[in-house]
Amino acid sequence: MIIVTGGAGFIGSNFVHNWLGHETEPVLVADKFTYAANAENLAHFAEDPRLRIERIDVSDRVAVEQLFAHNQPSSVVHFAAESHVDRSIRGPAEFVKTNIIGTFTLLEAARTFWSELGGEARDRFRFVHVSTDEVFGSLGPDDPPFTERSAYEPNSPYAASKASSDHLVRAFHQTYGLPCVTTNCTNNFGPYQFPEKLIPLVILNATAGLRLPVYGDGMQVRDWVYVADHCDAVRVILARGRVGETYNIGSRSELTNVQVVHAICRLLDDLRPASGRMHEELIEFVADRLGHDRRYAIDPAKLESELSWRPQHSFDAALHKTVKWYLANEGWCERVRSGEYRRWMELHYGTGQPEVLGAVT
Ligand code: NAD
Ligand code: TYD
């Protein structure tokens, strides 16, 4: 089987759906089940013998060594991480622990395991490290998009921790020959995304009649990719990517945050009209994020030309699908908006839900 770390989080669980929809090889999800994980994301496979789930912290060396020894994986796809920039600004320590120490621990265990393999299993083994475009820092308005050759200039503690993990992965390949491939993807959106991130946060706040917090002037640019397209790319890279290489993943879909928020509001005006007002009336410009990167954009030409990957979804069609998914899954939304979510909203936005942002009347 393949091991998928972080497989109960947003992209990891989408990857499990994607994998089990296309491949026969079983999956072992290895996940610590932090606030960002949700067993419900994998409930569809509750009766499917091809999926097993183990609760494990990737920075726990003994547990990770046992994970390899007991399960003899054919490959590892490493999604597990602390992933939210705003949380990394408030508390970077957990990012260092999971993203750096956790990746290091996993690499060490993978190296020991792989070095004892022989024959086809050794040739076939891959360590796919899932990373982000945020390691490259921020682009100016007229800069060309990031390529695999762009310099690393991480600005947030999150980006710095992911950059460190990318360097460790590179070093384990260069030094020990571990067959690693790294992916650097742009901003994802789609089903099962925890609503601390912009798109699901705006959808859920808007449907609840709460204010839509836009940082600074809202003119920061992100390059959006639908999560299923990202998962297709990771699957293709696992199968055919060249070891020791990195691949940028993106859909050439740059938009300002204000454009994204307006697009969601327009969709909701259509799909779930609010009586007496347009959803965009809920938009509120709030204090900017510290060190806020102005623009991310990815050039996916290498992935397209080498591995013939193409995104299958336009931004508009995928956003429509995503908004409909959140509207159709009110139970999921209600359950994730408890506990840790409420605590975060209170801490970060200064008020609560709905008492935090204040329901607009
Ligand atoms: P997420 O926060 O939704 O999920 C992360 C998962 O990792 C959770 O299930 C969590 O429980 C698990 N996890 C956290 N710490 C762990 C630990 N110590 N041991 C084991 N499991 C642990 O994140 P996501 O948005 O799904 O991102 C997944 C990966 O993709 C991350 O590595 C992230 O850096 C990368 N990435 C994300 C985006 C994006 O837009 N979300 C874009 C590019 C790359
Ligand atoms: P986010 O979804 O946190 O992803 P990332 O920081 O990894 O790009 O944020 C996307 C953009 O939206 C980013 O420029 C920050 C902005 N943003 C807001 O304006 N308001 C919010 O409440 C959040 C969470 C993000």
Side-chain angles (χ1 to χ4, degrees), residues 4-15 29-39 41-42 53-60 63-64 67 77-89 94-95 97-99 101-103 105-106 129-135 138 156 158-159 161-162 165-166 183-190 192-202 205 211-225 227 230-231 234 248-250 255-258 260-261 283-289 292-296 298 344-345 348-349 357:
V4 176
T5 73
F10 162 48
I11 307 174
S13 62
N14 275 281
F15 181 78
V29 164
D31 198 299
K32 183 181 174 184
F33 281 85
T34 68
Y35 78 90
N38 189 341
N41 299 0
L42 300 170
I53 302 174
E54 267 194 40
R55 182 184 290 258
I56 172 174
D57 182 337
V58 291
S59 62
D60 178 340
V64 171
L67 183 74
V77 186
H78 178 37
F79 290 97
E82 288 292 334
S83 70
H84 191 31
V85 172
D86 292 321
R87 286 184 191 257
S88 83
I89 294 167
E94 209 51 36
F95 288 71
K97 182 162 181 265
T98 286
N99 299 1
I101 309 288
T103 301
T105 307
L106 208 58
H129 174 57
V130 178
S131 191
T132 166
D133 60 353
E134 306 197 20
V135 298
S138 187
S156 70
Y158 163 66
S161 67
K162 292 296 291 188
S165 66
D166 293 8
T183 66
N184 295 96
C185 188
T186 54
N187 284 64
N188 282 226
F189 66 103
Y192 304 118
Q193 187 168 29
F194 192 75
E196 65 187 355
K197 305 277 170 61
L198 180 69
I199 287 181
L201 183 139
V202 167
N205 273 17
R211 295 186 199 280
L212 312 179
V214 174
Y215 298 160
D217 63 3
M219 296 307 285
Q220 302 80 10
V221 172
R222 295 294 182 264
D223 188 355
W224 294 94
V225 64
V227 65
H230 181 191
C231 294
V234 172
N248 282 0
I249 306 171
L255 293 163
T256 64
N257 292 338
V258 163
V260 170
V261 174
I283 293 173
E284 182 173 298
F285 290 87
V286 300
D288 209 350
R289 172 186 281 175
H292 198 169
D293 284 339
R294 199 67 184 164
R295 176 177 165 234
Y296 303 141
I298 275 280
W344 169 252
M345 295 303 278
H348 188 61
Y349 296 96
L357 298 174

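Order of listing sets the numbers, starting from 1, for every ligand and every atom in it. Note that the structure is a prediction, hence the values are computed from the model and not measured. Quick note: residue numbers are just sequence positions, from 1.
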of all protein heavy atoms, closest to atom 23 (O) of ligand 1 is Ser83 OG, 3.2 Å
Which heavy atom in Gly12 sits nearest to a heavy atom in Val4, and how many Å separate them? O-CG1, 4.4 Å
Which residue owns the protein heavy atom closest to atom 21 (N) of ligand 1, what's the atom, and how far is it? Lys32 N, 3.0 Å
For atom 35 (C) of ligand 1, state which one of Val29, Ile249, Val130 supplies the nearest heavy atom. Val130
Is any side-chain heavy atom of Ile199 closer than 4.5 Å to a side-chain heavy atom of Val260? yes
Which protein heavy atom lies closest to atom 15 (C) of ligand 2, and at what distance to 0.1 Å? His292 NE2, 3.5 Å
Atoms of ligand 1 under 4.0 Å from any heavy atom of Asn187, numbered from 1 in the order shown, are 40 (O)
Counting non-hydrogen protein atoms only, what is the nearest one to atom 33 (C) of ligand 1? Give residue, atom name and distance. Tyr158 OH, 3.5 Å
Heavy atoms only, cut-off 4.0 Å: how does Ile199 contact ligand 2, side chain, backbone, both, or neither? neither
among protein heavy atoms, the one nearest atom 21 (C) of ligand 2 is Tyr215 CZ, 3.3 Å
So which heavy atom in the protein is nearest atom 5 (C) of ligand 1, and how far is it from that ligand atom? Ala81 O, 3.4 Å
Atom 37 (C) of ligand 1 [closest protein heavy-atom partner, distance rounded to 0.1 Å]: Ile11 CD1, 3.4 Å
Side chains of Asn184 and Asp166, heavy atoms from C-beta outward: is any pair under 4.5 Å? yes
Is it the case that ligand 2 has an N or O less than 3.5 angstrom from some N or O of Tyr296? no
Check contact between Ala8 and ligand 1, using heavy atoms of the residue and a distance below 4.0 angstrom. yes
CA sep, side-chain torsions, deciding dist, call: Asp86, Tyr215, side chain to side chain donor-acceptor pair (under 3.5 Å): CA-CA 11 Å; Asp86 292 321; Tyr215 298 160; 2.7 Å; yes
Candidate with minimal heavy-atom separation from atom 25 (O) of ligand 1, of Phe194, Phe10, Phe33: Phe10
Is any side-chain heavy atom of Met345 less than 4.5 Å from a side-chain heavy atom of Glu196? no
Quick check: closest heavy atoms across Val64 and Val58, and the distance to 0.1 Å? CG2-O, 3.4 Å
Check if Tyr35 has a non-hydrogen atom at a distance under 4.0 Å from any atom of ligand 1. no
List the closest protein heavy-atom neighbour of atom 20 (N) of ligand 2: residue, atom name, distance to the nearest 0.1 Å. Pro213 O, 2.8 Å
Sidechain-backbone polar pair: Lys162 side chain, Val130 backbone, donor-acceptor under 3.5 Å: yes
Working for side chain to side chain donor-acceptor pair (under 3.5 Å), residues Thr186 and Asp223: CA-CA 6 Å; Thr186 54; Asp223 188 355; 4.8 Å; no
What protein heavy atom sits nearest atom 32 (O) of ligand 1, and how far away is it? Lys162 NZ, 2.6 Å
Short N or O distance, Thr98 and ligand 1, threshold 3.5 Å exclusive: yes
How close do Ser13 and Leu42 get, heavy atom to heavy atom, and via which atoms? CB-CD2, 3.8 Å
For atom 10 (C) of ligand 1, which candidate among Thr34, Ile101, Thr5, Asn99 holds the nearest heavy atom? Thr34
Within-cut-off N or O pair, Trp224 and ligand 2, under 3.5 Å: no
Are any of the heavy atoms in Thr186 under 4.0 Å away from ligand 1? yes
Relative to atom 40 (O) of ligand 1, which among Asp133, Asn188, Val234 owns the nearest non-hydrogen atom? Asn188
Using a 4.0 Å cutoff against the non-hydrogen atoms of Ile56, which atoms of ligand 1 qualify? 19 (N), 20 (C)
Closest approach of any protein heavy atom to atom 4 (O) of ligand 2, naming residue and atom: Asn187 ND2, 3.3 Å
Nearest non-hydrogen protein atom, atom 16 (C) of ligand 2: Asn257 ND2, 3.4 Å
Before you tell me yes or no, could you show the steps for Asp293 and Arg222 under side-chain contact (heavy atoms from CB on, under 4.5 Å), namely the whole-Å CA-CA distance, both residues' side-chain angles and the distance that decides it to 0.1 Å? CA-CA 9 Å; Asp293 284 339; Arg222 295 294 182 264; 4.1 Å; yes
Please state which protein non-hydrogen atom is closest to atom 12 (C) of ligand 1 and give its distance, to 0.1 Å? Asp31 OD1, 3.5 Å
Which heavy atom of the protein is the closest neighbour of atom 10 (C) of ligand 2, given with residue, atom name and distance? Leu198 CB, 3.9 Å
When you measure from the centre of the six-membered ring of Tyr35, is the NZ or CZ of Arg87 closer than 6.0 Å and no more than 45° off the axis? yes
Checking a contact table here: which protein heavy atom is nearest atom 22 (O) of ligand 2, and how many Å away? Tyr349 OH, 2.6 Å
Name the closest protein heavy atom to atom 29 (C) of ligand 1, giving the residue it belongs to and the distance to 0.1 Å. Phe79 O, 3.1 Å
Could you check which of Gly6, Gly9, Ala30, Ser131 puts a non-hydrogen atom nearest to atom 4 (O) of ligand 1? Gly9
Please write down residue, atom name and distance for the protein heavy atom closest to atom 3 (O) of ligand 2. Arg289 NH2, 3.1 Å
Report yes or no: does Thr183 have a heavy atom closer than 4.0 Å to ligand 1? no
Per-atom filter on ligand 1: closer than 4.0 angstrom to a heavy atom of Asp57 are 17 (C), 18 (N), 19 (N)
